[in-house]
Amino acid sequence: MESTAGRLTGKTALVTGAAGGIGAATAELFAREGARVVVADVNKDGAAATADRIRDDGGIAAPFAADVSDETQVAGLVTFAVEEFGGLDVLQNYASNRGVVPEDVSVADADLSVWTAQLSVDLLGCVLTSKYALPHMLEAGGGAITNSSSLAGWLSLGSRPAYATAKAGVVGFSKTLATQYGKQGIRCNVIAPGYIATPATEQMYDEKQTQVLFDHVSAPRLGRPDDVALAALFLASPESAFINGHVLVVDGGMSAYAPMLPSLRRLADEQ
Ligand SMILES: NC(=O)c1ccc[n+]([C@@H]2O[C@H](COP(=O)([O-])OP(=O)(O)OC[C@H]3O[C@@H](n4cnc5c(N)ncnc54)[C@H](O)[C@@H]3O)[C@@H](O)[C@H]2O)c1
């Protein structure tokens, strides 16, 4: 992928959920842009593999195994980032609990433990990493935080109520953080991907379902992890210095049209 080198030179970035998918693509792009990257994930081997790829490519990275829903581990993660690289300028939250997808089906049936498992990683993970990163960013006079939401945060998938709630919560949390700390130079924005083909999502949708998703994208192809990483780079870089509390949708136009459009098009084709 082409990129403009050096937009994060001198910065330390902490990326959660960086063992694979969008988090790994973001960690790798940020390193190519000059950042020192802490590659964090509960998947220790996956985090190490991402960090190895970055270093093989000439970048600077350190892996760290941490569960973002565990406050003690998050405190240790942030301390590691600051001690390893001398500060923390950029925080990227992509950790997501996919383990509960099969049980996160309907409001009446989903056990409370499903809600707790989803919210504690996807929403409270953002809360905890921000809580421990903020003192360092405030001390440095600024910082950029990006949290991952999803179209599912405001457009119903018809299932996954806990996931939808977590991702909607990410928006409210991020806007509040942006408002509370903006005057002190801290920006907090949200990336809301539509369907992005990652190993995790490719497992969730079969060929026919993927075709349906493609039919609803106003773009010649499906989304890739790098599409989100490039948007994240913009939000982390000085180019977006006056953008705070924003939700940047990266969905190839999936949410751009009124829901009745496909049916109207079908009717028009039949006439
Ligand atoms: N891929 C998509 O289509 C899509 C769409 C909308 C939103 N998103 C969001 O973007 C983010 C990245 O998506 P992805 O497709 O790359 O997902 P993914 O499942 O590949 O990545 C999530 C990562 O989080 C890690 N993780 C899980 N629990 C954790 C924990 N407790 N502590 C630390 N790490 C943990 C996993 O090991 C995994 O590496 C997620 O927040 C996801 O909800 C993705």
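- Side chains of Arg98 and Met204 form a contact here, defined as non-hydrogen atoms less than 4.5 Å apart.
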Practice problem: Would you please test Gln92 and Thr16 for side chain to side chain contact (heavy atoms under 4.5 Å, CB included) and show each step? | Solution: CA-CA 6 Å; Gln92 300 279 305; Thr16 77; over 6 Å; no

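- A salt bridge does not link Arg266 to Asp269: none of the charged side-chain nitrogens sits closer than 4.0 Å to a carboxylate oxygen.
- Rounded to the nearest 0.5 Å, atoms OG1 (Thr210) and CD (Glu202) are 7.5 Å apart.
- Of all the heavy atoms in Cys188 and Asn244, the pair that sits closest is N-OD1, 2.7 Å.
- With hydrogens and angles ignored, the 3.5 Å screen pairs no side-chain donor or acceptor of Arg53 with any backbone N or O of Glu28.
- Side-chain contact check for Phe30 versus Leu233: some heavy-atom pair is nearer than 4.5 Å.
- When every heavy atom of Ala40 is checked against every heavy atom of Leu14, the shortest pair comes out as CB-CD1, 3.9 Å.
- Closest approach of Pro225 to Ile196, counting heavy atoms only: N-CG2, 3.4 Å.
- Around CD of Gln203, the count of heavy atoms belonging to other residues, nucleotides or ligands within 6.0 Å does not exceed 12.
- Under a hydrophobic clustering in which Ile, Leu, Val, Met, Phe, Trp and Tyr are joined whenever their side-chain heavy atoms come within less than 4.5 Å, directly or via other members, Ile145 and Tyr132 fall into the same cluster.
- Side-chain contact between Met254 and Leu213: present, with at least one pair of heavy atoms (C-beta onward) separated by less than 4.5 Å.
- A donor atom on one side chain and an acceptor atom on the other are found under 3.5 Å apart for Thr198 and Thr201.
- Within the model, atoms CD1 of Ile243 and NE2 of His246 stand 6.5 Å from one another, a figure rounded to the nearest 0.5 Å.
- Distance alone, capped at 3.5 Å, places no donor-acceptor pair between the Lys11 side chain and the Arg36 backbone.
- Sparse packing is recorded around CD of Glu139, with 12 or fewer heavy atoms of other residues, nucleotides or ligands lying under 6.0 Å away.
- Cluster annotation: Tyr94 is connected to Leu230 through the hydrophobic network of ILVMFWY side chains, with a link wherever side-chain heavy atoms come within less than 4.5 Å.
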Practice problem: Give the intermediate values and the outcome of side chain to side chain contact (heavy atoms under 4.5 Å, CB included) for residues Val247 and Trp154. | Solution: CA-CA 12 Å; Val247 181; Trp154 63 94; 4.0 Å; yes

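- Using a distance-only test at 3.5 Å, with no hydrogens or angles considered, a donor-acceptor pair links the side chain of Asp70 to the main chain of Gln73.
- Linking ILVMFWY side-chain heavy atoms closer than 4.5 Å, directly or via other members, places Val228 and Phe214 in two distinct hydrophobic clusters.
- Heavy-atom contacts from other residues, nucleotides or ligands closer than 6.0 Å to CZ of Arg265 number 12 or fewer.
- The closest donor-acceptor contact from the side chain of Ser156 to the backbone of Ala152 lies at 3.5 Å or more, if one exists at all.
- Note on Leu128 and Ile186: same hydrophobic cluster, where clusters join Ile, Leu, Val, Met, Phe, Trp and Tyr whose side-chain heavy atoms are under 4.5 Å apart, directly or indirectly.
- Between the OH atom in Tyr257 and the OG atom in Ser218 there is a gap of 6.5 Å [rounded to 0.5 Å].
- Annotation: side chain of Asn97 is in contact with side chain of Val100 (closest heavy-atom distance under 4.5 Å).
- The side-chain heavy atoms of Glu33 and Thr9, taken from C-beta on, include no pair separated by under 4.5 Å.
- Separating the CZ atom in Phe80 from the CZ atom in Phe85 is a distance of 6.5 Å, to the nearest 0.5 Å.
- Salt bridge Lys131/Glu71: present, at least one basic N to carboxylate O contact under 4.0 Å.
- Taken from OG in Ser120 to CH2 in Trp115, the straight-line distance is 13.0 Å, to the nearest 0.5 Å.
- At distances below 3.5 Å, not a single donor-acceptor pair connects side-chain atoms of Arg7 with backbone N or O atoms of Gly34.
- Atom NE2 in His136 sits 10.0 Å away from atom CG in Leu138 (nearest 0.5 Å).
- Side chain of Arg187 to main chain of Leu235: a donor-acceptor pair is present (N/O by atom type, distance under 3.5 Å, no hydrogens or angles).
- With respect to Arg32, the side-chain contact (heavy atoms from CB on, under 4.5 Å) criterion is satisfied by exactly one of Val37, Ile54, Asp57, Leu8: Asp57.
- Looking at Leu29 and Asp226, their side chains never come closer than 4.5 Å, going by heavy atoms from C-beta outward.
- Within the 3.5 Å criterion, the main-chain N or O of Asp206 finds a donor-acceptor partner in the side chain of Gln209.
- Of all the heavy atoms in Asp122 and Ser96, the pair that sits closest is OD2-OG, 2.7 Å.
- Side-chain atoms of Asp111 do not come within 3.5 Å of backbone N or O of Val114 as any donor-acceptor pair.
- Taking a cutoff of 4.0 Å between a charged side-chain nitrogen and a carboxylate oxygen, Asp227 and Arg221 qualify as a salt bridge.
- Under the 3.5 Å distance criterion, with hydrogens and angles disregarded, a donor-acceptor pair is assigned to the side chains of Asn93 and Thr129.
- In this structure a side-chain-to-backbone donor-acceptor pair under 3.5 Å is present from Asp104 to Ala162.
- In this structure, Tyr205 and Tyr195 have perpendicular ring planes: the angle between them is above 60°, well past the 30° mark.
- Residues Val42 and Val121 do not share a hydrophobic cluster, defined by chaining ILVMFWY side chains whose heavy atoms lie under 4.5 Å apart.
- In summary, of the residues considered (Leu91, Val90, Val15, Ile191), a side-chain contact (heavy atoms from CB on, under 4.5 Å) with Thr146 occurs for Ile191 alone.
- Closest non-hydrogen pair, Ala18 versus Asp41, comes out as N-OD2, 3.2 Å.
- A 4.5 Å side-chain heavy-atom check between Asn189 and Leu248 finds every atom pair outside the cut-off.
- Here the closest heavy-atom approach between residue Ala13 and residue Leu88 is recorded as C-CD1, 4.4 Å.
- Side-chain contact between Leu77 and Val38: present, with at least one pair of heavy atoms (C-beta onward) separated by less than 4.5 Å.
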Quiz prompt | Verdict with reasoning, Ser255 to Leu155, per side chain to side chain contact (heavy atoms under 4.5 Å, CB included) | solution = CA-CA 8 Å; Ser255 60; Leu155 296 176; 3.7 Å; yes

Quiz item: Step by step, would you call Leu124 with Ser69 a side chain to side chain contact (heavy atoms under 4.5 Å, CB included)?
Solution: CA-CA 6 Å; Leu124 296 183; Ser69 68; 5.9 Å; no

